[in-house]
There are 2 protein chains.
Amino acid sequence: MHQVLIAEDESDISELVSFNLQRESIGTMWAKDGVEAVEMAQKELPNLIILDLMLPRRDGFQVFKELRLDARTKDIPVMMLTAKAQLEDVITGLELGADDYLTKPFSPKEMVLRVKALLKRSAPTPTASVITRGKFQLDKNTLTCFVDGRKIDLTPTEFKLLLLLIEREGQPQNRGDILREVWGYRDTTQSRTLDTHMKRLRTKIGNSSSCIVTIRGIGYQFRNIA
Amino acid sequence: MHQVLIAEDESDISELVSFNLQRESIGTMWAKDGVEAVEMAQKELPNLIILDLMLPRRDGFQVFKELRLDARTKDIPVMMLTAKAQLEDVITGLELGADDYLTKPFSPKEMVLRVKALLKRSAPTPTASVITRGKFQLDKNTLTCFVDGRKIDLTPTEFKLLLLLIEREGQPQNRGDILREVWGYRDTTQSRTLDTHMKRLRTKIGNSSSCIVTIRGIGYQFRNIA
DNA sequence: CGTAAACGTGACGATTTTGACACAATCTCA
DNA sequence: TGAGATTGTGTCAAAATCGTCACGTTTACG
């Protein structure tokens, strides 16, 4: 279950937000001022922070800057709240790197949906070494690959190639980027290396190679076809 | 360079958006109606789509649904545009899964900043594939190893061996377990393979190999000696 | 339809990786 | 101290990996 930190001094707003999020099975915690917000964020490491700009003891911008300077909290998405028609605040917040912005008064429904969109986009990547996508299971620690429970012997380069595509499932990867990231190439215009390795990889994974789709003129994409 | 598809029938809005994005080194392409928007998205696979809801030939909602049904385009972030004060449209769009929402008339600066936030958020999050322990930094995705900021060329087997020890920093790993986990051996009693690879690994990492400690009769241990 | 570009494929040779082996060095225990 | 066990070391050859090349096939466009 996701946890959202609500940094807001007005309790009625805080309760409104909290109520609506909890109704969507999103856990909440409350910080009444800027100092408490920083402390709570650093201690609890929530999945998202809703940050009012007008906080006692330390304003929202300052809180935001501090969170971004701390390695533990710098990647937590932040949605800023401010009073209506403060466009300069919106600009400043977004320039600082806030992930979204909501002006009071806001529709609770809109707030919930925006929170969900943020949570969805920033879902933390599991730190485990095993990645599973449909029929594919790869273990980064042992460089082993299983498809439909069957072990596939991949060379290290083949493994890296497949891993890259699988971790970016759904997103087409252009050839140049693949060559750079798997091979470390600087100049990628002339190489046919990728083609050769792709053929080898497809041969090894057999029928399931239909999950690796060529996008002509661009590159390749992994699709989890059931 | 990122590419943004602007699906908008009003040319002055389209030009305003395009101009401001290009000023931020963000490439743009323009679709004047809903059909063209779908075609262009499927063909060009932009990094983000700005989608007006009032499009000729196929409205924005319909376009959005089609894009989400296509494996190639379903993960492209979408920012919806609509006329002022249409809260129902906002809710519908966000419920459908739009990533952001902007109401006309909008500040060009806000639009740019929101586009940037979306592009940043939807960039593949750096996977937790990098492990750092003292002077050592290993990237599981690329099988690269840096010691004191210096790249060390390791074979895949050497990498696996070092990774195992580093991930279990402080805990002595017995020979049999290492042979089983790195080499997949079932019977480990007679092998000198580990010794050979350990010597090679130590040679490559030079002075810092003092971090790999032999525990006679047991195996090896990684100690983070500063 | 024809053509050029992009990608697939098979084959080859160079390079790298790997494990085994024999000898050397070190450690532990009686 | 001596002996046996364990680990370090250098070398060798087989196997694996890799990238290139040329030809084949497919795709997209005029």
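Note that these values count all heavy atoms, side chains included, but never hydrogens, waters or copies made by symmetry. Just so it is clear: chains get the letters A, B, ... in the order the sequence lines come, proteins before strands, and each one is counted from 1.
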To the nearest angstrom, the CE-C1' distance between A/M198 and C/dG10 comes to 18 Å
What is the distance from CD1 of B/I215 to P of D/dA5, rounded to the nearest Å? 22 Å
Stepwise, does the side-chain hydrogen bond (donor to acceptor under 3.5 Å, both in side chains) test hold for A/T193 with A/S191? CA-CA 5 Å; A/T193 296; A/S191 185; 3.0 Å; yes
Give a yes/no answer on whether the side chain of B/W183 brings an N or O atom under 4.0 Å of OP1 or OP2 in C/dG19. yes
By side-chain contact (heavy atoms from CB on, under 4.5 Å), which residues pair with A/E66, not counting sequence neighbours? A/V38, A/R58, A/Q62
Strictly below 4.0 Å: does B/Y220 bring a side-chain N or O up to OP1 or OP2 of D/dG8? yes
Quick one: which residue pairs count as a salt bridge (Lys or Arg N to Asp or Glu O under 4.0 Å) with a foot in residues 142-152 of chain A, not counting sequence neighbours? A/K151-A/D153
To the nearest 0.5 Å, what is the distance between CE (A/M111) and CG (A/L21)? 4.5 Å
Does D/dT7 have OP1 or OP2 under 4.0 Å away from a side-chain N or O of B/R192? no
Looking at C/dG19, does its base get a donor-acceptor pair with the side chain of B/R200 below 3.5 Å? yes
Minimum heavy-atom separation for B/V115 to B/L48, with atom names? O-CD1, 4.1 Å
Considering every strand and a 4.0 Å limit on heavy-atom distances, what is the contact class for A/T196: base, sugar-phosphate, or nothing? base
Please classify the nucleic acid contact of B/R175 as base, sugar-phosphate, or nothing, using heavy-atom distances under 4.0 Å. sugar-phosphate
Crowded around B/M54 CE? As in, over 12 foreign heavy atoms under 6.0 Å? no
If you go through the side-chain atoms of A/R216, does one of them form a donor-acceptor pair with the base of C/dC7 closer than 3.5 Å? no
Starting at atom CG of A/D195, determine the distance to atom C1' of C/dA5, rounded to an integer number of angstrom. 13 Å
Taking the nucleotide of DNA chain D with the closest heavy atom to each, which residue, A/E158 or B/T214, is nearer the 5' end? B/T214
Ignoring the backbone of A/K199, work out which of C/dT18, D/dG8, C/dT9 is nearest its side chain. C/dT9
Whole angstroms only, please: what is the CG-C1' distance between B/D153 and C/dT17? 13 Å
Rounded to whole angstrom units, what separation is found between the CG atom of A/L154 and the P atom of D/dA16? 15 Å
Among D/dC18, C/dT18, D/dT20, which nucleotide sits nearest the side chain of A/T193? D/dT20
Give me the bend of the helix from C/dC1-D/dG30 to C/dA30-D/dT1, using the axes of the five pairs at each end, rounded to 10°. 40°
Could you check whether A/K199 pairs with A/E158 (Lys NZ or Arg NE/NH1/NH2 to Asp/Glu carboxylate O, under 4.0 Å)? no
Go nucleotide by nucleotide along DNA chain C from the 5' end; which of A/I218 and A/T203 gets its closest nucleotide reached first? A/I218
Run the salt bridge (Lys or Arg N to Asp or Glu O under 4.0 Å) check on A/E24 and A/K116 step by step: do they pass? CA-CA 9 Å; A/E24 302 288 334; A/K116 281 187 174 181; 2.8 Å; yes
Using whole Å, what does the distance between atom P of nucleotide D/dT6 and atom CG of B/L194 come to? 14 Å
Separation of A/F159 atom CZ from D/dC18 atom C1', in whole Å? 18 Å
What is the distance from CG of B/L201 to P of C/dT17, rounded to the nearest Å? 13 Å
